[in-house]
Amino acid sequence: MRSAKPVALVTGGANGIGRAVARHLLSCGWQIAIIDLADSGLRRAFARERNVLAIEGDVRDEESVADALEAVLDRFHRLDGLVSNAGIMVRKPLRRLTIAEWHRVLDTNLTAAFLLARAAEKPLRKARGAMVTIASTRAVMSEPNTESYSASKGGLLALTHALAISFAPDIRVNCVSPGWIETKDYSGLRRKDHRQHPAGRVGRPQDVAELVSWLLDGKRSGFVTGANFVIDGGMTRKMIYEE
Ligand code: NAI
């Protein structure tokens with residue numbers, strides 16, 4: 001039987017931002033499916049949640065993504081929201097970056113969003129649902145030795161607006177670009193870590209979760225599609241020339 005509550009699929013939801021997104025959506029009345037790697041701690045993280053379908057899988061893998069979508073529809077018979085969040089970073093001087101590492105980053109951060117969007121198009125259209133991709137402010141600015149990550153996130157920005165146009169008017173597709181979101185030891189941050197942000201603090205996973213849940217909710221954000229939302233405490237608006 002088709003579930004009465006809306007259903008969202010979140011990738012990389014066992015940890016960090018994805019876990020906060022999944023937990024926040026649950027608290028807003030969504031049912032959740034999560035895809036994450038077998039060694040990610042996914043089952044432990046959501047062991048006692050009734051409204052969660054935990055799927056061990058690799059978002060780089062076409063078959064794995066297709067199987068995950070099938071499992072979601074088997075269980076809930078609907079899909080209203082898709083959050084393509086799973087991501088990895090390799091920081092290495094370009095001369096030492098292997099082609100295998102380049103592909104691993106591009107496949108995880110960019111190709112997976114294509115695989116997910118393609119597999120989820122039909123149920124999302126039926127639900128007049130929404131997709132959110134998680135990029136990064138590194139799509140538009142860089143530190144040294146981050147080529148594969150920046151390229152993948154830049155691609156994700158472009159993929160997002162392309163999908164928004166192809167899927168219109170049935171599915172809204174938006175991108176969230178976080179800056180520094182501390183997913184581990186927030187209380188261990190230094191004063192200067194916070195102070196350098198125009199907003200006065202480093203970001204928390206919950207900051208991103210609130211924005212994602214707004215973007216998935218068509219009643220609140222129904223006029224928003226193809227957009228990129230920077231959530232970085234103002235860092236990309238700050239001039240950094242030294243005096
Ligand atoms: P995290 O490392 O805490 O969590 C990422 C999750 O994705 C993990 O549970 C991991 O197992 C999963 N994952 C990785 N590869 C996977 C694969 N092939 N298949 C399935 N699951 C996979 O990372 P965090 O910090 O929560 O980042 C989440 C997203 O936000 C990423 O896309 C990241 O690039 C982006 N982001 C994070 C920022 C931050 O400051 N934390 C800043 C900007 C963007």
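First listed ligand is number 1; within each ligand, the first listed atom is number 1. Quick caveat: nothing in here was measured; it's all calculated off a predicted structure. Note that the numbering runs from 1 along the sequence shown for the chain. Computed from heavy atoms alone, side chains included, the values below leave out hydrogens, waters and symmetry copies.
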Check ligand 1 for N or O atoms under 3.5 Å from a protein N or O and list each pair with its distance.
residue, atom, partner, partner atom, Å
ligand 1, 9 (O), N15, ND2, 2.9
ligand 1, 9 (O), D36, OD1, 3.4
ligand 1, 9 (O), D36, OD2, 2.6
ligand 1, 11 (O), D36, OD1, 2.6
ligand 1, 18 (N), D58, OD1, 2.8
ligand 1, 19 (N), V59, N, 3.0
ligand 1, 21 (N), D36, OD1, 3.4
ligand 1, 26 (O), I17, N, 2.8
ligand 1, 32 (O), N85, O, 2.7
ligand 1, 32 (O), K153, NZ, 2.9
ligand 1, 34 (O), Y149, OH, 2.5
ligand 1, 34 (O), K153, NZ, 3.0
ligand 1, 40 (O), G179, O, 3.3
ligand 1, 40 (O), I181, N, 2.9
ligand 1, 40 (O), I181, O, 3.2
ligand 1, 41 (N), I181, O, 3.1

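Taking the ring centre of F223 as origin, the terminal cationic atom of R172 falls outside the region bounded by 6.0 Å and 45° from the ring axis.
Remark: the N85 side chain and the T11 side chain contain no N/O donor-acceptor pair separated by less than 3.5 Å.
Not one N or O on the side chain of Y149 forms a donor-acceptor pair closer than 3.5 Å with the backbone of A139.
Using a cutoff of 4.0 Å between basic side-chain nitrogens and carboxylate oxygens, R96 and E101 are not scored as salt-bridged.
Note on ring orientation: taking the six-membered ring where Trp is involved, the planes of W214 and F229 are perpendicular (angle over 60°, cut-offs 30° and 60°).
Residues forming a side chain to side chain contact (heavy atoms under 4.5 Å, CB included) with S150 (at least two apart in sequence, or on another chain): R138, S142, T146.
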